[in-house]
Amino acid sequence: MITVKPIEDNIRKEQLLSHYGCSAADSTILVMEDGVYELGYVVIDVIQGKLRIHDIYLTNGSVEDPKTEDKLYIDFLMRAAASYGANHGAYQMENCVEELHSFFVSKGFVLEN
């Protein structure tokens with residue numbers, strides 16, 4: 001069964017968040033797993049009612065040239081992030097992963113900048 005939940009390893013969380021310049025107070029990482037196997041993660045923050053997706057990483061896939069299964073995982077992580085954001089007061093989403101702009105537009109995002 002595939003699950004997505006906030007990362008539990010605080011050391012890894014701090015390392016990853018520092019890589020993206022995110023603070024632990026506002027940011028988190030949602031990890032997607034199939035049993036004991038990590039499939040990927042999404043780095044997000046919620047600030048002033050806006051959920052920002054900083055990165056989506058796939059363990060055995062690519063966001064630059066996603067295959068069918070990769071697109072499924074990306075979509076799954078995007079929706080999990082949206083749900084997390086809604087539960088934490090976000091009413092707007094922003095994607096910061098340039099390689100995924102067209103994918104997100106196909107899911108209903110609007111390009112603004």
Side-chain angles (χ1 to χ4, degrees):
M1 173 166 52
I2 294 178
T3 60
V4 178
K5 59 185 179 180
I7 192 168
E8 295 176 348
D9 181 344
N10 287 327
I11 294 171
R12 182 174 178 218
K13 177 182 177 180
E14 292 290 333
Q15 290 172 338
L16 288 170
L17 289 177
S18 69
H19 175 73
Y20 295 102
C22 299
S23 83
D26 300 318
S27 307
T28 196
I29 297 167
L30 302 177
V31 179
M32 181 170 54
E33 297 174 334
D34 186 359
V36 297
Y37 301 104
E38 183 175 308
L39 302 173
Y41 60 80
V42 59
V43 179
I44 58 175
D45 64 29
V46 178
I47 300 174
Q48 297 179 341
K50 182 185 287 187
L51 170 79
R52 185 173 293 114
I53 298 174
H54 288 280
D55 194 18
I56 291 180
Y57 172 80
L58 301 177
T59 304
N60 293 314
S62 168
V63 298
E64 288 85 20
D65 184 27
K67 308 293 185 249
T68 302
E69 187 175 18
D70 299 341
K71 290 178 183 177
L72 176 70
Y73 292 160
I74 292 166
D75 187 74
F76 204 98
L77 286 166
M78 178 213 36
R79 293 174 190 278
S83 179
Y84 179 92
N87 288 330
H88 289 84
Y91 56 88
Q92 188 176 26
M93 286 178 63
E94 179 180 337
N95 171 44
C96 299
V97 186
E98 189 173 331
E99 299 86 3
L100 292 176
H101 283 338
S102 61
F103 179 82
F104 281 102
V105 167
S106 76
K107 300 298 179 186
F109 277 64
V110 177
L111 284 177
E112 289 185 358
N113 294 333

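In this text, all values refer to a predicted model and were calculated from it rather than measured experimentally. Sequence positions, counted from 1, serve as the residue numbers for this chain.
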Restricting to non-hydrogen atoms, name the atom on N95 and the atom on H101 that form the minimum distance, rounded to 0.1 Å.
ND2-ND1, 3.0 Å
Can you tell me if CD on E64 sees more than 12 non-hydrogen neighbours from other groups inside 6.0 Å?
yes
What are the two closest heavy atoms between E38 and T59, and how far apart are they?
O-OG1, 3.1 Å
Can you list everything that forms a side chain to side chain contact (heavy atoms under 4.5 Å, CB included) with T68? Sequence neighbours excluded, please.
none
Solution key, residues 82-91 side-chain donor-acceptor pairs under 3.5 Å, sequence neighbours excluded:
{"residue": "N87", "atom": "ND2", "partner": "S83", "partner atom": "O", "Å": "3.3"}
{"residue": "H88", "atom": "ND1", "partner": "Y84", "partner atom": "O", "Å": "2.8"}

Salt bridge (Lys or Arg N to Asp or Glu O under 4.0 Å) partners for E98, two or more places apart
none
Contacts of type ring pair (Phe, Tyr, Trp, His ring centres under 6.0 Å), residue F109, not counting sequence neighbours:
F104
Nearest non-hydrogen partners of M1 and D34, listed with the distance
N-OD1, 3.5 Å
Considering only distance and modelled atom types, tabulate donor-acceptor pairs under 3.5 Å from the side chains of residues 69-78, sequence neighbours left out.
{"residue": "E69", "atom": "OE2", "partner": "Y73", "partner atom": "OH", "Å": "2.7"}
{"residue": "D70", "atom": "OD2", "partner": "S62", "partner atom": "N", "Å": "3.3"}
{"residue": "D70", "atom": "OD2", "partner": "K67", "partner atom": "N", "Å": "3.1"}
{"residue": "D75", "atom": "OD1", "partner": "R79", "partner atom": "NE", "Å": "3.3"}
{"residue": "D75", "atom": "OD2", "partner": "R79", "partner atom": "NE", "Å": "2.7"}

What's the separation between atom SG in C22 and atom CG in D55, rounded to the nearest 0.5 Å?
9.5 Å
Contact list for residues 102-111, test side-chain hydrogen bond (donor to acceptor under 3.5 Å, both in side chains), sequence neighbours left out
none
Pairing residues for E94 by the side chain to side chain contact (heavy atoms under 4.5 Å, CB included) criterion, not counting sequence neighbours
K50, R52, C96
Where do A81 and L51 come nearest, in terms of heavy atoms and distance?
O-CD2, 3.3 Å
Checking one residue: L16. Which other hydrophobic residues are in its cluster under the side-chain 4.5 Å linking rule?
I7, L17, Y20, I29, V31, Y41, V43, Y57
Residues in side chain to side chain donor-acceptor pair (under 3.5 Å) with E99, at least two apart?
none
Among pairs that include at least one residue of residues 19-32, which meet salt bridge (charged side-chain N to carboxylate O under 4.0 Å, His left out), considering only residues two or more places apart or in two chains?
none
